[in-house]
Amino acid sequence: MDSLDAYATRKLADIEGRGLLRHLVTTHRGPGGAATQGGRRLISFCCNDYLNLSQNREVIASAQAAAAEYGAGAGGSRLVTGNYPLLAELEDRLARLKGTEAACVFGSGYLANIGIIPCFAGPDDVIFIDELAHACLFAGARMSRAATHVFRHNDMDHLQALLDRQRNRHRHALVITDGVFSMDGDLAPLDIMGPLARAHDAWLLTDDAHGIGVVGRDGRGSSFAFGSEKADVPLQMGTLSKAVGSYGGYLCASEPVIALVRNRARSLVFTTAPPPASIGAALAALDIIERDAELRQAPLAKARLFTDFLGLPDPQSPIVPIIVGAPDRAVEASRKLRDQGFLVNAIRPPSVPEGTARLRVTFMANHGDEDVLRLARAVKALGLSGACVP
Ligand SMILES: Cc1ncc(COP(=O)(O)O)c(C=O)c1O
């Protein structure tokens, strides 16, 4: 064995020893949460396709039409020849939905975050970031080389203390958070965070990957979840890969901010534009999200059916965590649910903090109520519901 293979083998043995080894499993998804793995038909409660729009006929037809018109691939970076007309159309739609002057579409949410953050923070600047923010926000913060302070999850007193102490030592400041936390399902208190950041001349960036389509007024996301006013969030980032059912990322912001991003975000400038089919799909999905209030509300209603049955706190999004603790306990719980026909993945470190391995249960609009209740009964029978810390 050469030194490279020996290195990989040693690392894998270490990962396995800590109960953290992961495998790719080929999955065929279908309607009603159906997911077939290894010939076994399961009901998935771990997809982010909250509105089932990835499987929607109108969305698929729009993807096919876009590919037929503009090709299977974009053929270049957006700044060279890859800027086919659907991209501007989608950016107008996203800006309107999020109440901003402009928007910029990226290849994915991950690419968006690692591109946006270094545009607004550099080595002379400071970033304040929630400890449970998504991995790609931390990656963007690291790439910016700004001083970074991590505040306790949703703890506005801690954020305020850090801002008071650190803000003035630096040139520019960013405050970064998920709008809807991907592994916990709770919302950031943007009604408090917006004014707090502004009072310290810090720019607030929210990642609304899990908000668009399912949270806030008219499914406009977490900035619209606090009364009738839009929260004061100058940088609203998100992805097209969850409730929108497609693939791609975006930033909604003012004209000058978007113009700067188009010039400077390296993950926009130095990468090929997303394929036309993804953008065509997203446009049709946004049509459906805008017109179908019942659909938008369905995932949260399913989550509530589940939490009510188990006596858990009211959900704020379609994501409900069931904290189990040790990784092997989470894997064992997932396996037992699988034996009963439910696909609920175990989420382990480093996706979540040490000691908080969990089942992350997500709800989709077309889950059957009876399936939701069957899952709730199965979770109760595992004796796990007492361990929930949503
Ligand atoms: C909160 C959050 N931000 C960003 C991303 C990355 O988005 P994408 O899948 O479009 O790269 C994800 C998940 O994938 C996420 O959960």
Side-chain angles (χ1 to χ4, degrees), residues 94-104 112-113 116-117 119-122 124-134 137-138 140-141 144 146-182 184-212 214-238 250-258 260-261 314 316-317:
L94 288 167
R96 221 177 331 122
L97 187 75
K98 297 286 187 175
T100 61
E101 289 174 357
C104 180
N113 278 333
I116 296 162
I117 295 170
C119 288
F120 299 100
D124 295 335
D125 304 319
V126 61
I127 288 174
F128 303 91
I129 183 168
D130 188 289
E131 63 182 334
L132 297 187
H134 192 263
L137 291 167
F138 277 97
S144 76
T148 298
H149 299 279
V150 178
F151 58 91
R152 288 188 293 272
H153 177 51
N154 274 350
D155 184 337
M156 294 300 98
D157 292 337
H158 192 208
L159 173 59
Q160 164 124 39
L162 287 173
L163 283 163
D164 287 345
R165 214 172 318 130
Q166 302 293 343
R167 166 65 187 99
N168 288 334
R169 299 181 182 188
H170 302 271
R171 188 182 51 167
H172 303 136
L174 273 179
V175 174
I176 298 179
T177 186
D178 286 18
V180 178
F181 284 86
S182 57
D184 294 79
D186 54 343
L187 306 189
L190 300 181
D191 51 340
I192 301 170
M193 225 166 175
L196 184 57
R198 196 165 284 278
H200 289 81
D201 190 24
W203 306 321
L204 177 58
L205 165 64
T206 57
D207 178 334
D208 202 38
H210 297 272
I212 189 171
V214 286
V215 163
R217 192 162 17 95
D218 302 328
R220 297 169 80 184
S222 53
S223 297
F224 298 83
F226 300 89
S228 56
E229 294 288 302
K230 178 182 150 206
D232 183 3
V233 183
L235 298 161
Q236 299 179 73
M237 172 272 163
Y250 61 85
L251 175 69
C252 294
S254 67
E255 294 273 12
V257 163
I258 293 300
L260 179 62
V261 163
D314 202 36
Q316 293 181 285
S317 75

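In this text the structure is predicted, and so the values were computed from the model without any measurement.
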* Asked: What heavy-atom pair brings A209 and I212 nearest, and what distance separates the two atoms?
  -> O-CG2, 4.2 Å
* Distance-minimising heavy-atom pair for L204 and D232 -> CD2-O, 3.8 Å
* Verify the neighbour count for atom CD of E131: are there more than 12 heavy atoms of other residues, nucleotides or ligands below 6.0 Å? => yes
* Is R171 atom CZ crowded by more than 12 heavy atoms from other residues, nucleotides or ligands, each under 6.0 Å away? -> yes
* To do: Let me know which of L162, L163, D130 forms a side chain to side chain contact (heavy atoms under 4.5 Å, CB included) with V175.
  => L163
Interatomic distance, [X] atom [atom1] to [Y] atom [atom2] [nearest 0.5 angstrom]:
X	Y	atom1	atom2	answer
F138	I129	CZ	CD1	4.0 Å
L137	I176	CG	CD1	6.0 Å
R152	L132	CZ	CG	12.5 Å

Identify, with sequence neighbours excluded, every residue that meets ring pair (Phe, Tyr, Trp, His ring centres under 6.0 Å) alongside [X].
X	value
H200	none
H172	W203
F181	H153
F128	H149

Side chain to side chain, [X] and [Y], heavy atoms closer than 4.5 Å:
X	Y	result
V180	Q316	no
V257	L235	yes
L196	Q160	yes
F120	L205	no

* With no hydrogens and no angle check, is any side-chain donor or acceptor of T206 less than 3.5 Å from a backbone partner on D178? -> no
* To do: Return yes if some donor-acceptor pair links the side-chain N/O of R167 with the main-chain N/O of H170 below 3.5 Å, else return no.
  => yes
* Residues forming a side chain to side chain contact (heavy atoms under 4.5 Å, CB included) with A121, sequence neighbours excluded -> D125, I127, S144, A146, L174
Cut-off 3.5 Å, no hydrogens considered: what does the side-chain donor-acceptor table look like for residues 95-104, sequence neighbours left out?
{"unit_1": "K98", "atom_1": "NZ", "unit_2": "D208", "atom_2": "OD2", "d": "2.7"}
{"unit_1": "K98", "atom_1": "NZ", "unit_2": "R220", "atom_2": "O", "d": "3.0"}
{"unit_1": "T100", "atom_1": "OG1", "unit_2": "A102", "atom_2": "O", "d": "2.9"}
{"unit_1": "E101", "atom_1": "OE1", "unit_2": "E255", "atom_2": "N", "d": "2.7"}

